[in-house]
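A note on names: the letters A, B, ... follow the listed sequences, proteins ahead of strands, and every chain is numbered from 1. Because the structure is a prediction, the values reported are computed rather than measured.
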Amino acid sequence: MEHPTRVDFLSGMNPEQQNAVAHVDGPLLILAGAGSGKTRVITHRICHLITAHQVPGPAVLAVTFTNKAAGEMRERVQKLLGGFESYHHAPVLATFHSFCVRLLRRDGDRLAPLRPNFTRNFTIYDADDQLGIVKQAFRHLNLDEKFMQYRAVLSKISHAKNNGESPTDWLKTADPKAKTLAAIYERYERSLIESNAADFDDLLLLAVRLLAHDDQTRERYNRQFQYLMIDEYQDTNRTQYDLIRLLTRTHSNLAVVGDEDQSIYGWRGADIRNILDFEKDYPRARVIRLEQNYRSTRNILAAASAVVAKNLQRKGKTLWTSAAEGAKISLFEAATGEQEAMYIAQSIEREFDRDSKAKIAVLYRTNSQSRQVEEALRRYGRKYKVVGGTSFYQRAEIKDALCYLKLITSPDDSMALLRIINQPARGIGKTTLEQVEAVALEQGVSLWTALEQMCAERKFGARADAAVGAFLSLINEMRAQTELPLDGMLQNILERTGYYRMLKESNSPDSEGRLANLEELVNAAADAVERGENITEFLDHAALVAQTDELDSASAITLMTMHNAKGLEFPVVYVAGMEEGLFPHSRSRESEENLEEERRLCYVAMTRAEQRLHLSYARFRRRFGGGAPEMTIPSRFLTEVPAELLERARPGTFLDTPVSQVNLDAEQVLVRESVKKTTYTGKTYNSVENISQYFAERGMPVKPAAPSVQPASRPSPPSGPVPIRAAPVAPPPPVAPPLPGQARLGFPATPPVARPVAARAPVKKGFRNGGKVVHPKYGRGTIMRVEGDGEDAKLTISFATAGLKKLVAKYAGIESD
DNA sequence: TTCCCTGTGCTTTTT
DNA sequence: GCACAGGGAA
C-alpha cells in the first residue's frame, strides 16, 4: 500500500492552515472562523503527526462533541491514510462522553473507594430518568411543580455538580428556597448512587474524579495519549476543562480548535472563558487564526459578521472570502406563522426549479416551529427530514425494551425498574409501589433490593405478593439466560414479558408502528452482535447517540433547530421566526450575556449558508395552539444586518404563479376532520399521499391562501365541497410599530402586511389548478400546480395510478380530460 | 388497580 | 398543541 507523503497533508492549504497542521509539540490554539476548513485542519494534523512524525495512532486522542463529528473525522482520517493497518492502530476519536464511558467501563473498579455502590456495569441515566428522579424527590418532599419547574431544578443541579457545589453549599445561600432545593439535590444524588447510575454530568465527573485521585490510572492515560486535540473548545464546560488538564498533566501537547463566536451552549454550562483564557492557562501557547472562509458568499459572510460584531465578549476576528458577492439576503415578512411556512415551502419550490438537486435547510429557534413548516411542505408533496423531536431511542416502546435490558444487566437501576414493572400491566400498581419506595428510601437501597426483601418477608397482600413474586422470578430467569445472543435475548424479553402480546391485542392505531419499531430494535441488536458489541456497549450506544447523529445527508430538505445545525453547511438556508421573544428567545433577554449567546446563535445559523440565505418573520404568531395570534416585533438581529445586503421578498413576487384561492383554515379543518375519521396516527397529517389525494378528489389546488387572521371570518365547513372561488379574505391585521431605528437600518416603509393575493389571481386559460387531464402513459390525473402558461406550462399532476409527477405540457402530451 | 377523561399550564436550545 | 396530573368510574 502506498502512503501519502508528508507533503500531501500540507498541500492545497493556506499558510495559516499549514502552520496549524505542521505544529507538533506544545499548546496550540486554533481560532477557526465559520467555514474556515477546521475539520480539514484537524484531520490533516492527525495524519501529519502519524506519518511525518511517526506518532503511533493510539497516542493521538481527538475529542469532539457529537458522535457524528467523531465519525466523520474517523472516516476522513482513514481515507487520508489509506486504511489503518499500515500504522497498526487508528488514532482515538471520541466524544467527551463516549471517551469517559469507555474509561469508566474499563477502569471504573478503581472508583470504588471514591463512589459508594459503584461498579463497572453502572447504567447511564438520560434526561427522562433525571426528570423521573426529580419528580420522585418532589413527591417525597410533598412538593409540586409550583415550587419550581423540574427542568429548572435539574439545570441548577447540573450547574452545581459541574462547579463542585454540594447540597450543603446551597444551604449557605440567602435563597429562601435553598433549604428545599438542597434537599432535592441531595435526594437526587442519593438516587443515582443507590441505582448505580450516572447521569450525563457524572460520566465526565466520575472520570475526572478517577483520574484526579488514582495516580496509577492517570499516569497510564498520560503515557498513552501523547497528543490531544479538542474540537469546539468554546463549548467545553468546567468539568471538560478539568478532564483536559488531567490528560495533559505530563505534557502539553494540546491543540484546541474553536471559535468564540460559535459558543452557543452556555446554558448547558459551557464556559466561554475556557477559550478566551487559553493563552493564560497555557502561557507558551501558539495562536493561529483561520480567517479565510471557504463556505459562503461575500454577502452572507458580511451579514453574519455584522451581526456578531455587536457582541462585546469576543476576541474579534475578520473573516474574509475570495468568493463572489452572491445573491442578496432575502427577507420576508409574513402576516402569520402559517403564511411564513407557506412562503418557505413556495420559495423552496423555486429553489428546486433553479436546481433540482438543491440541498436546503430550514432552521428555527424552537422545535415546535417545525410543525407549520412540515405542513406546508407536505402540501407541496415534498419529502423532508426533521432532525430532533423524538428520536428512535426516545420512543416509549424502545425505552421499555431497553429498560428490561438495563434491569437485567443492572438490577439496581430503579428508574428502569419503575418504567417497566407494570408495563405490560401485571397488577403492580401505585399503592404497592409507594410501599416499596418507602422501604427503599428508608433503608437507602434500590427498589429491586427492597422488592426482594419485602417479598421474602411477606410484606405484601396476597394479590400484590403473587404479582411481585412473578415479576421477580421472570427477571431472574431472563438474567440466567446468558447464552442467548443480544437480539435473541431481546426477542425473548418481548415474548416472555407479554410485551408483544400487549401490542398485538391493543387496538390502538399506533401499535402496529410500535411493533415495527421493536423489530427495528431487534435488528439493531443483531447488527451490534455482528460488530462484536456486548449488552452494555449496545446500551451505551443507545444512551449516547444524539439526534444529529441520525442526520440523513441524502435528504434534500432538512428541518432542525439552529443548535442542531452547528457544524453543518447547506447551499440554501432558511432562518424562520426572526422575532423578538422567539429569536432572541424571551428567556435570554434577561441578561446581556444570554443575549450575546443568542446573537452567536444567529451567527451560527447564518453562516451555515453557502449560496443563498432567506430570513423571515411573522407579524402575528400564536404562542400556544389554542390562543389568539399575538403581535410580534421583528428581531433586533434583522436591524443589525446592513440594509444594503437585504432584499425584501414580497408576496407579489414570490407568488409568481396564478393562484385560485382556497381558504387555508377551511382546508385544514376539513383535512383534520377527514383524517381523524380514517387513519390519523401522526402528529399532523399522516402522509403526503393522503393530502394530495384529498385535494385531488375534490379538485382543489394544493396552494396557499391569503392568511385569515380573524377567526370569525372562517367559514365553518363541516361537510360538502369547499368553494374553489376566492374565499373571503380577512382584512390585514394592524401593523406593529416599527422598531426604533428600523427605517435607518434596512427597514424602510414596512410593506403592507399580508397583501391579499386573492384579488389579482385570475386563473389563466389552458391548464388550471384542479383541472382534469389525461396523460398517454399515466392516465387520468388532476393538476395540482401550474407554472408558466400555454403549452410551455410546467404542470404538477396527481395521477391516480402513478402519484405526483411534474411534467411540461407540450413534451408530455397532456390533454384536457 | 386500571383506564379514561378533563382541565391546566406551559415551550429554548441537548451531550 | 401537547403532556401531564388528578379525579372518578368500573
Could you tell me the separation between the [atom1] atom of [X] and the [atom2] atom of [N], rounded to a whole number of Å?
X	N	atom1	atom2	result
Leu131(A)	dT11(B)	CG	P	11 Å
Gln394(A)	dA3(C)	CD	P	12 Å
Lys68(A)	dT15(B)	NZ	P	12 Å
Asn67(A)	dT14(B)	CG	C1'	13 Å
Leu203(A)	dT14(B)	CG	C1'	14 Å
Arg426(A)	dC3(B)	CZ	C1'	18 Å
Lys430(A)	dC4(B)	NZ	C1'	14 Å
Asp271(A)	dT15(B)	CG	C1'	17 Å

According to a strict under-4.0 Å criterion, is [X] in side-chain N/O contact with OP1 or OP2 of [N]?
X	N	result
Asn564(A)	dT14(B)	yes
Asn422(A)	dT2(B)	yes
Asn367(A)	dT14(B)	yes
Lys135(A)	dA5(C)	yes

What is the nucleic acid contact for [X], judged by heavy atoms within less than 4.0 Å: base, sugar-phosphate only, or nothing?
X	answer
Lys146(A)	nothing
Thr432(A)	sugar-phosphate
Asp144(A)	nothing
Phe624(A)	base
Gln149(A)	sugar-phosphate

Closest listed nucleotide, where the reference is the side chain of [X] and the choices are [options]:
X	options	result
Ser368(A)	dG1(C), dT11(B), dT15(B)	dT11(B)
His585(A)	dT11(B), dT14(B), dA5(C)	dT11(B)
Phe200(A)	dT15(B), dT14(B), dG1(C)	dT15(B)

Item to complete: Using only heavy-atom distances, determine whether the side chains of Asp201(A) and Asn162(A) contain a donor-acceptor pair under 3.5 Å.
Response: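 Side chains of Asp201(A) and Asn162(A): pair found under 3.5 Å.
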Worksheet item: Do Gln369(A) and Thr366(A) have side-chain atoms, one donor and one acceptor, less than 3.5 Å apart?
Response: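 Side chains of Gln369(A) and Thr366(A): pair found under 3.5 Å.
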Can a salt bridge be assigned to the pair [X] and [Y] using a cut-off of 4.0 Å between side-chain N and carboxylate O?
X	Y	value
Arg378(A)	Glu374(A)	yes
Glu580(A)	Arg636(A)	yes
Asp242(A)	Arg209(A)	no

Fill in: His585(A) backbone acceptor or donor facing Glu598(A) side chain under 3.5 Å
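Indeed, once roles are kept as given, a pair shorter than 3.5 Å links the two residues.
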With hydrogens left out and only the distance checked, is there a donor-acceptor pair under 3.5 Å joining [X]'s side chain and the base of [N]?
X	N	answer
Thr561(A)	dT13(B)	no
Trp267(A)	dT13(B)	yes
Arg365(A)	dT13(B)	yes

Discussion item. Looking at dT13(B) and Tyr265(A): do their rings stack (centroid distance under 5.5 Å, interplanar angle under 30°)?
Written reply: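 No; by the centre-distance and plane-angle rule, Tyr265(A) does not count as stacking on dT13(B).
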Item to complete: Quote, to the nearest angstrom, the C1' distance that separates dA5(C) from dT12(B).
Response: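 So the two C1' atoms sit 24 Å from each other.
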Discussion item. If I take atom CD from residue Glu597(A) and atom CD from residue Gln313(A), how far apart are they, to the nearest 0.5 angstrom?
Written reply: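 Going from the CD atom of Glu597(A) to the CD atom of Gln313(A) covers 10.0 Å.
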Practice prompt. Return the 5'-most residue of the pair His97(A), Arg463(A) with respect to DNA chain B, ranking by each residue's nearest nucleotide.
Written response: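 Its nucleotide being nearer the 5' end, the pick is Arg463(A).
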Worksheet item: Mapping Ala425(A) and Phe96(A) to their closest nucleotides on DNA chain B, which lands nearer the 5' end?
Response: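 Counting from the 5' end, the first nearest nucleotide belongs to Ala425(A).
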